[in-house]
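Below is one structure, written out as structure tokens; comments come after it.
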Number of protein chains: 2
Amino acid sequence: MQQHLRPPAGFRLTGVSCGIKQKPGVEDLTLIVADKPCVAAGVYTQNVVRAAPVEWDRRLTPSDRIRAVVANSGNANACTGPQGWQDTVEMARLTAEAIGAEPDQVLVMSTGMIGDPLPMEKIRRGIRLAADSLGEDTEVFLRAARGILTTDRSEKIACQHLLLGSRIVQLVGFAKGAGMIGPHMATMLAVIMTDAVLDPPQAQQSLQQAVDASFNCISVEGHMSTNDTVLLLSSAPAGRESLSDEDCQQFTSCLTQLCIELACMIPDDGEGASHLIEIHVRGCRSRSEARAIARSIANSPLVKCAIAGGGPFWGRILSAAGYAGIPFNPDKVTVAVNGITMFQNGQPAAFDAQAASDSIRNNRKTIIELSLSEGHSEITFWTSDLTVDYVRFNADYRT
Amino acid sequence: MQQHLRPPAGFRLTGVSCGIKQKPGVEDLTLIVADKPCVAAGVYTQNVVRAAPVEWDRRLTPSDRIRAVVANSGNANACTGPQGWQDTVEMARLTAEAIGAEPDQVLVMSTGMIGDPLPMEKIRRGIRLAADSLGEDTEVFLRAARGILTTDRSEKIACQHLLLGSRIVQLVGFAKGAGMIGPHMATMLAVIMTDAVLDPPQAQQSLQQAVDASFNCISVEGHMSTNDTVLLLSSAPAGRESLSDEDCQQFTSCLTQLCIELACMIPDDGEGASHLIEIHVRGCRSRSEARAIARSIANSPLVKCAIAGGGPFWGRILSAAGYAGIPFNPDKVTVAVNGITMFQNGQPAAFDAQAASDSIRNNRKTIIELSLSEGHSEITFWTSDLTVDYVRFNADYRT
């Protein structure tokens, strides 16, 4: 895939190294520029404590006049008070100046250490450098994808194509997130670019729907960041009409697919993770109830430790479901792990514990299925297991 | 303290070994008998998935005719279907038979492995053995306290005295809990005995209030058990009137003190824990909002890892507060750790990071203070840190 990676028509981009991260030569600033004003939508963290760039982007999206996204890694510009806000505005201003636009046409993302002021001299140099090296080929695309990474092990990229009427539209996105940054805290960022012609409400609704089934269905350790941001940019070539309702629906399902692909890469790359855990919760009264139960299982350290150790401890799964705050009849519950039924209709089921343990140990992915009998809503949720390496990494404090 | 431990007048008790736990000679069955029908109140897990003994006790409390509490460790009798219920009823029946009472005068508690049927032959032998060895001295008291332990490192016992009018009343309790059992799941159990004269509604209300400020303010990993139970037994000597409202209030605050003492022993003894973390959340609109914020901080693996490693990462504390689902103004928040202010009124505060780290490393207890400006409600909450040993223990799967 990575041999022919290009942004959709109308976008240029790059990633540069400007010294925010300590390791020399590592990309830490990404710039995406739309040749003409483009449509942009955003979905953001629901944390009460929000970083300055999140506040900035929230005010500007949805929009049909965005010209650029500038993003830095290595510093989250979160909990930095009035100075943090000024620095975000300055990042937008510097970018606007470099590409010939207005500051309020520039979206900003930051990820990394919390509580430290942005090194604005480095940012200034980085923006200038990036504006001078924009391109459309695979090399700059990979640089851009790397510019937002922190503790990720590699780039997280996905693309999709879709035939709408007689036109093939492209969706390309990249994301970051592995559970921990700095070593201060988790942030998840993603940008998806498309040449499908969307108006701002379409873009916003489509993105909201896709995020709901993807980025809002993952967790590493359940710690919601101050900086989480997912952006959708549509280059919307002139002279084309925006999508019909039917085409928009098709576009949304394609966008959802792409977002799920990107989202799954995050817990799969979770700090110290040895398993990607996929949780299916079925038979709920509503999707939000299914999500609450799935999240409770996903965030249980006991469930996560069990999977890390290859233990088929269905009791931990069932009890985690039971304290999600959602009423259900435990006598009508079935629990299966990797297709092996362990608890059925309120009673333990006979199963080969050794085979179940081997199945968990020998596969990177563990599939947990919990079926209730309360309704017909369901959800799929993804998380990492919890390993000794996760704790080592996150307890590490180098003074 | 442990030199003169005795139950209040009217109670006899003991703990015996009947082979439910694999290790020979270790107590795994506890019996408490009231000479005459006593007042009993109970507070139970809020998990939707509840073990059979919890269902049994919920039906019988509050009451003024309880004669005994029988408890076993090594097997939780949870998620065991109809057989589990029959076994709980049988435990009550066997106990009633042994002491000359009715089955519905016997409360039952179980803790340990989930999903396995109770070994009823061992239980039967244990109950007989216990009924024959009841006593009132320190030795049997300690045996009783040990009979409910699982992975705890030692007995958890607390006692208080209180002058009500011209009479000194006694409160003695023991508890268990360390975060993990079996190695299957967490359970917290506690029994408090008193010779204060309470009627059932007084006992229930007093216990509910005490638990609210103690056992409901602790977590090890946030995984609520199927078996959590706290019981209060009052031997209520004949011929005495139950407490006046004022005396009852005094009793409740003494009971609360005792419950806090017992409750704190649980995270302090948390699996692999190297720190007891005490979290003060102040300035909230309500106590329940303060509890939600405190619990969010207490259950954040990032906060717990930070304390384990001695990292003064206030950003993790602040962001965990921010995703508790409670709105607050982050510009009016102060965060302090061990008395060192790290974030004040929406901005990072200057502090000596090395001194802060040393203070965390060099003390068993870490005190986190979060002050909001939304109201005047507050709460204190206790948890463990998250260490490599916790994960090692809970990922351990011996096939």
Side-chain angles (χ1 to χ4, degrees), chain A residues 46-50 78-83 114-116 180 183-186 221-226 299-302 305-306 308-316 318-324 326-328 330-331 343 346-348 353-354 357 386-388 390-392 394-397 399, chain B residues 46-50 78-83 114-116 180 183-186 221-226 299-302 305-306 308-311 313-316 318-324 326-328 330-331 333 343 346-348 353-354 357 386-388 390-392 394-397 399:
Chain A
Q46 290 159 46
N47 201 308
V48 170
V49 181
R50 288 184 291 266
C79 307
T80 41
Q83 184 63 47
I114 209 170
D116 288 339
M180 175 62 56
H184 269 137
M185 68 163 305
E221 75 285 88
H223 196 112
M224 187 199 290
S225 154
T226 50
N299 288 340
S300 160
L302 293 188
C305 284
F313 298 145
W314 54 267
R316 299 186 187 183
L318 186 58
S319 58
Y323 66 76
I326 309 298
F328 63 83
D331 291 340
F343 184 81
Q347 294 191 59
Q354 184 62 58
S357 176
L386 175 56
T387 67
V388 163
Y390 174 91
V391 177
R392 279 216 183 97
N394 289 303
D396 187 17
Y397 176 58
T399 44
Chain B
Q46 290 160 44
N47 201 309
V48 170
V49 181
R50 287 184 293 265
C79 307
T80 41
Q83 184 63 48
I114 208 169
D116 288 340
M180 176 62 56
H184 268 137
M185 69 164 306
E221 75 285 89
H223 196 111
M224 188 198 291
S225 153
T226 50
N299 288 341
S300 159
L302 293 189
C305 284
F313 298 144
W314 54 267
R316 299 186 186 183
L318 186 57
S319 57
Y323 66 77
I326 308 300
F328 63 83
D331 291 339
V333 172
F343 184 81
Q347 294 190 61
Q354 184 61 59
S357 176
L386 175 55
T387 66
V388 163
Y390 174 91
V391 177
R392 279 217 183 96
N394 289 303
D396 187 17
Y397 176 58
T399 45

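Since this is a predicted model, take the numbers as computed values, not measurements. Just so we're on the same page: letters track the sequence lines, and every chain starts at 1.
Heavy atoms only, all atoms of each residue included: B/Asn394 and A/Arg316 are closest at O-NH1, 3.0 Å. In plain terms, the two heavy atoms of A/Pro348 and B/Gly115 that are nearest each other are CG-O, 3.4 Å. Across B/Tyr390 and A/Pro301, no two heavy atoms sit closer than the pair OH-CB, 3.9 Å.
Not a single side chain to side chain donor-acceptor pair (under 3.5 Å) links A/Thr387 to another residue, sequence neighbours left out. A search for side chain to side chain donor-acceptor pair (under 3.5 Å) contacts involving A/Gln347 returns nothing, not counting sequence neighbours.
For the set A/Leu386, A/Val391, A/Leu318, A/Ile326, the count of heavy-atom pairs under 4.5 angstrom toward chain B peaks at A/Val391.
Screening A/Val48, A/Val49, A/Asn47 for a side-chain contact (heavy atoms from CB on, under 4.5 Å) involving B/Tyr323 leaves a single residue, A/Asn47.
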